[in-house]
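Down below is the structure, laid out as structure tokens.
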Amino acid sequence: MNILIVGTGYVGTTTGLIFCEMGHKVTGLDLDDHKIRSLQEGNLYFYEPGLAELLKKHIQAQNIAFTNHTEKAIKENDVIFLCVGTPKGTDGNADLTFVRKAAESIGQNINTYKVIVTKSTVPVGTAELVTGWIQSKQTAQIPFDVVSNPEFLREGSALQDALNPDRIVIGTESEAARTIMKELYKNFQCPIVQTNPKASEMIKYASNSFLALKISYINELSRLCDELGINVNDVSQGIGLDERIGPQFLRAGMGYGGSCFPKDVNALIQIANEKGRPLTILERVVKVNEEQPLYFINKIKDALGGELNNKTIAVLGLAFKANTDDTRESPSITLIDRLLEEQANIKVHDPIVKLWPHQCRTVEKTISGTDAIVICTDWEEYKRINWGKLKPLMKQPYIFDGRNMLEKDQMENLGFYYIGIANY
Ligand code: UGA
């Protein structure tokens, strides 16, 4: 099948390459010339493990091409995936400007029957809107169907997640479109949930919100564990082994970030409020998440004597989680802003993200002469550091582990004052 992917961000590019792996021909369409040029040359313009190699492979094999020619791209393809951004609008709702633009372009250029698939995370009812936007620009009655097929891949493990999904959700009222979608996904060994577009759209928001809820639950619990001197990691393990609960997304830390959870939880809250059925449980999820970095800052302040204005602090990690160069809604940035408000001197490091020209290139340089280290991102390389060797470089050996990635006993044996998130 000839597949068009509209929007070549990490979801669009990954989706396109996965379909190449399944033997399809794919075109990536984007209005951003920089992105298109870079991808055409086989250069991934964002960091995502394993994807750059796959891009080169399929460019060479001519399975994937990138273009900014909207009309030609729409006319030449049968299945069109909408993978454009849906950022948080000013009212908390998802901003559908890019989805609408793409849908209208399809309406203007549709020449044969097409299946239009929304993969971007969109509010309940968007499939209906997309149908209307396409129709509003059609000059001839050419049939098409709209399908909701949400994506569940994570940044940092996009390829693995997209190749091995837990489930595929296909939301459509059309038998013809459902058959085409099932054909597209026939090589995947996982359950397919077949439903209508609205339920499919809700599944996406509800999944992300539930995962965010798990994180906020363990984070709020960690504060109580702290008070009681209980290791929250043991609690996560103990409850996570119950199959009904499951071990994932129970790692206490500085709170969730990224381009998805904060945006999607807020969007679902917004929808619920508009319908007069508030999801108060999610409102609390958001609040706990906002509080968590501040809770951690207070622990840092208390340990360092109540004032930070004469302290130099090394912040390790800027990305919202390991294996990505994305800093959107990163708890690390919240923490840095707060440290700056407290007039602390800051030195920062990240293995991939470079936000400031004066950023330190090595962990050694970053921690030299500092009063404390704060670990904000769970990069594997921070685990492997020879901490004993680096300790003498510090003014005071305080280490605040916002990801509970180090062993308290080990760090104390090396002579550090170690404080994690209820990590005893
Ligand atoms: C999330 C979902 O996990 C994907 O299924 C979904 O497709 C994606 O959003 C999306 O909607 O596009 P992502 O935002 O890439 O994926 O990253 P996650 O691995 O889910 O992590 C989100 C945040 O939660 C990170 O800040 C992470 O550090 C934090 N987290 C995760 C915790 O604090 N504790 C945990 O136990 C797990």
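Here the structure is a predicted model, which means the values were calculated and not measured. Hydrogens, waters and symmetry mates play no part in the numbers below; they use all other heavy atoms, side chains included. Heads up: numbering here begins at 1 and tracks the sequence. In listed order, ligands and their atoms are each counted from 1.
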Self-check item: Distance-only side-chain donor-acceptor flag, Asn219 / Asn289, under 3.5 Å
Solution: no
Exercise. Tell me yes or no: between the side chains of Asn2 and Asn77, is some donor less than 3.5 Å from an acceptor?
Key: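 Their side chains do not contain a donor-acceptor pair, so the 3.5 Å distance test is not met.
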Every pair of nitrogen or oxygen atoms between ligand 1 and the protein that is under 3.5 angstrom apart - can you list them with their distances to 0.1 Å?
unit_1	atom_1	unit_2	atom_2	d
ligand 1	5 (O)	Phe152	O	2.7
ligand 1	7 (O)	Glu151	O	3.4
ligand 1	7 (O)	Phe152	O	3.2
ligand 1	7 (O)	Leu153	N	3.3
ligand 1	7 (O)	Leu153	O	2.6
ligand 1	7 (O)	Lys204	NZ	3.1
ligand 1	11 (O)	Lys204	NZ	2.7
ligand 1	11 (O)	Asn208	ND2	2.8
ligand 1	12 (O)	Tyr10	OH	3.4
ligand 1	15 (O)	Glu155	N	2.7
ligand 1	17 (O)	Lys321	NZ	3.0
ligand 1	19 (O)	Lys321	NZ	2.8
ligand 1	26 (O)	Gly257	N	2.9
ligand 1	26 (O)	Phe320	O	3.1
ligand 1	28 (O)	Arg403	NH1	2.7
ligand 1	34 (N)	Arg251	O	3.0
ligand 1	36 (O)	Leu250	N	3.3
ligand 1	36 (O)	Arg251	N	2.9

Quiz item: Tell me, do Trp387 and Ile373 make a side-chain contact under 4.5 Å, heavy atoms counted?
Solution: yes
Exercise. Determine whether Ser236 and Arg251 make a side-chain contact, defined as any pair of heavy atoms from C-beta on separated by less than 4.5 Å.
Key: no
Exercise. Mind jotting down which residue pairs meet the ring-ring contact (aromatic ring centres under 6.0 Å, His included) criterion with at least one end in residues 173-197? Sequence neighbours excluded, please.
Key: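 Those involving residues 173-197 are Phe19-Tyr185, Tyr185-Phe188.
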Exercise. Please work out which of the three classes, parallel, tilted or perpendicular, describes the rings of Trp379 and Tyr47, given edges at 30° and 60°.
Key: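 Rings of Tyr47 and Trp379: tilted, as their planes differ by 30° to 60°.
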